[in-house]
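Structure first, then comments.
Note that this is a predicted model, so its numbers are computed, not measured. Here is how names work: the chains are called A, B, and so on, in the same order as the sequence lines, proteins then strands, and each is numbered from 1.
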2 protein chains.
Amino acid sequence: MTAEERRESVIRASMIEFAERGYNGTTTQSIADRVGVSQPYLFRLFPSKRALFEAAARRCMDDVREAFLSASEGLAGEEAREAMGIAYMDLINDRSRLMMQMQMYVSTAAAEAAGDSEVGRAVRAMWEELWDAVTERASMTPEQAKDFFSQGMLINALVAMGFPMESHLWQGFGFEGKGC
Amino acid sequence: MTAEERRESVIRASMIEFAERGYNGTTTQSIADRVGVSQPYLFRLFPSKRALFEAAARRCMDDVREAFLSASEGLAGEEAREAMGIAYMDLINDRSRLMMQMQMYVSTAAAEAAGDSEVGRAVRAMWEELWDAVTERASMTPEQAKDFFSQGMLINALVAMGFPMESHLWQGFGFEGKGC
DNA sequence: CTTGTTAGTAATTGGCCACTAACTTTGATG
DNA sequence: CATCAAAGTTAGTGGCCAATTACTAACAAG
């Protein structure tokens, strides 16, 4: 397997581990185990644990953005908005991508608290990119953008806390029987 | 200082530390330093680090719930809804409480991934309590409840990532010049 | 065959961190 | 003043974990 292919599978494994256990809760050993490779070898593919996290974060955001854009390909306005809403439901069933987003939020704050403003700038740039891509594609007003992303955030939180779809907290979404 | 008073200040300090750096990123030493007490003494006041986190989490949720309820005291319906919306803005200026909420979400997922379903059950119970208290006070429909908490979640995320109030991502909220 | 490169491992290290044990200080009360 | 408890400290310990070093195995090209 070439180094590039390995790096690819390391990023995938990192996302799964970091997503569930967070940056500090994840050991490089657990990532290596998941890839099926020795722990020190990770450090030949990536310079540090931090770099693993950043690669996983970037990949996560790229995936989400592409999911929205490809779901709304060729559409505009209200139609695009609807298509992207449905695309978000797929994300609900993808714990890793969803939880990785949450981890990015808290890690950003932690990094900034530790005096590292680099991470924060990178995360904000990625998020702004997502926000702008989505709002432009669907020609959203600021109000509509707020509603769209707001609902996404609540979904993230409810999923993170493990509320079952039957819980009454999910009622407002009207998901009943939509296969979530 | 009595043990009970100390416990109180330890909870406050724990909330500040855990909120910014997360469970695994926080050392008991840093909490002890903030309190102004030796690190081993924490373990006479609380059985474990986990217990510190749980106490901080519970306190955080109690505070938030009380903030909403006292802000809307004697009000109902639309008036209560508005009062609680304003109360949420105060929370924006209280990083610790806001970030502690985020930490609870990701920690719940991490605990559940580690096979501990106890934490998850406790967090869901606390959140349901908050949800029910708020929706009942303002007689919210499920749709209104979704909107209220959704916006709160987006606010949490934007604050966590450190987006300045001037960013266009905040536009939809109409916060301009509201002293946030 | 030998020279070099690329993919990988085994062994180790140095530092950190939750938690414990054993001891000291403070102050109220009979 | 003696005593007793409650508040607090100093000095470890054992385990974990990111990162380094030094090695091996496969293979391609001249």
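One interatomic measurement links the two molecules: CZ of Arg7(B) to P of dA7(D), which rounds to 8 Å at whole-angstrom precision. Summarising the geometry, the separation between CG on Asp33(B) and C1' on dT9(D) is reported as 14 Å, rounded to the nearest angstrom. Following rounding to the nearest Å, Leu45(B) (CG) and dG8(D) (C1') show an atom-to-atom distance of 10 Å. Atom pair Phe53(B):CZ and dC17(C):C1' shows a separation of 18 Å (rounding to whole Å applied). One can place CD of Glu4(A) at 14 Å from C1' of dT6(C), the figure rounded to the nearest angstrom. Rounded to an integer number of Å, the gap from CG of Leu42(B) to C1' of dA7(D) is 13 Å. What separates CZ of Phe46(B) from P of dG8(D) is a distance of 13 Å, to the nearest Å. One interatomic measurement links the two molecules: CD of Gln29(A) to P of dA11(C), which rounds to 14 Å at whole-angstrom precision.
Contacts of Ser30(A) with the nucleic acid, taken as non-hydrogen atoms under 4.0 Å apart, are absent. Among the atoms of the strands shown, base atoms are found under 4.0 Å from some heavy atom of Ser38(A).
The side chain of Pro40(B) lies closest to dT20(C), out of dT20(C), dC19(C), dT9(C). Side-chain proximity of Arg44(A) to dT9(D), dA11(D), dT9(C): nearest is dT9(C). When distances are taken from the side chain of Tyr41(A) to each of dG8(C), dC19(C), dC17(C), the shortest belongs to dG8(C). Nearest to the side-chain atoms of Ala3(A) among the listed nucleotides dA7(D), dA7(C), dT9(C) stands dA7(C). Distance from the side chain of Phe43(B) is smallest to dC19(C) among dG8(D), dC19(C), dA7(C).
Taking OG from Ser150(A) and CZ from Phe149(B), the interatomic distance works out to 13.5 Å, rounded to the nearest 0.5 Å.
The shortest distance between side-chain heavy atoms of Met99(B) and Phe18(B) does not fall below 4.5 Å.
Interface remark: the Gln39(A) side chain does not form any donor-acceptor pair with the dC17(D) base, using a distance-only criterion of under 3.5 Å.
For the pair Glu54(A) and Arg59(A), the salt-bridge criterion is not met [side-chain N within less than 4.0 Å of a carboxylate O].
Each end of the helix from dC1(C)-dG30(D) to dG30(C)-dC1(D) gets its own axis from five base pairs, and the two axes differ in direction by 10°, given to 10 degrees.
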Candidate pair Ser72(A) and Arg137(A), rule side-chain hydrogen bond (donor to acceptor under 3.5 Å, both in side chains), full reasoning: CA-CA 8 Å; Ser72(A) 62; Arg137(A) 168 63 56 91; 2.9 Å; yes
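A donor-acceptor contact under 3.5 angstrom links the side chains of Ser117(A) and Arg121(A), judged on distance only.
For the OP1/OP2 pair of dA18(D) and a distance below 4.0 Å, the side-chain nitrogens and oxygens of Thr28(A) include at least one atom meeting the criterion.
Atom CD of Gln29(B) sits in a crowded spot, with more than 12 heavy atoms from other residues, nucleotides or ligands closer than 6.0 Å.
Under the 6.0 Å distance and 45° angle rule, Arg58(A) does not count as a cation-pi partner of Phe53(A).
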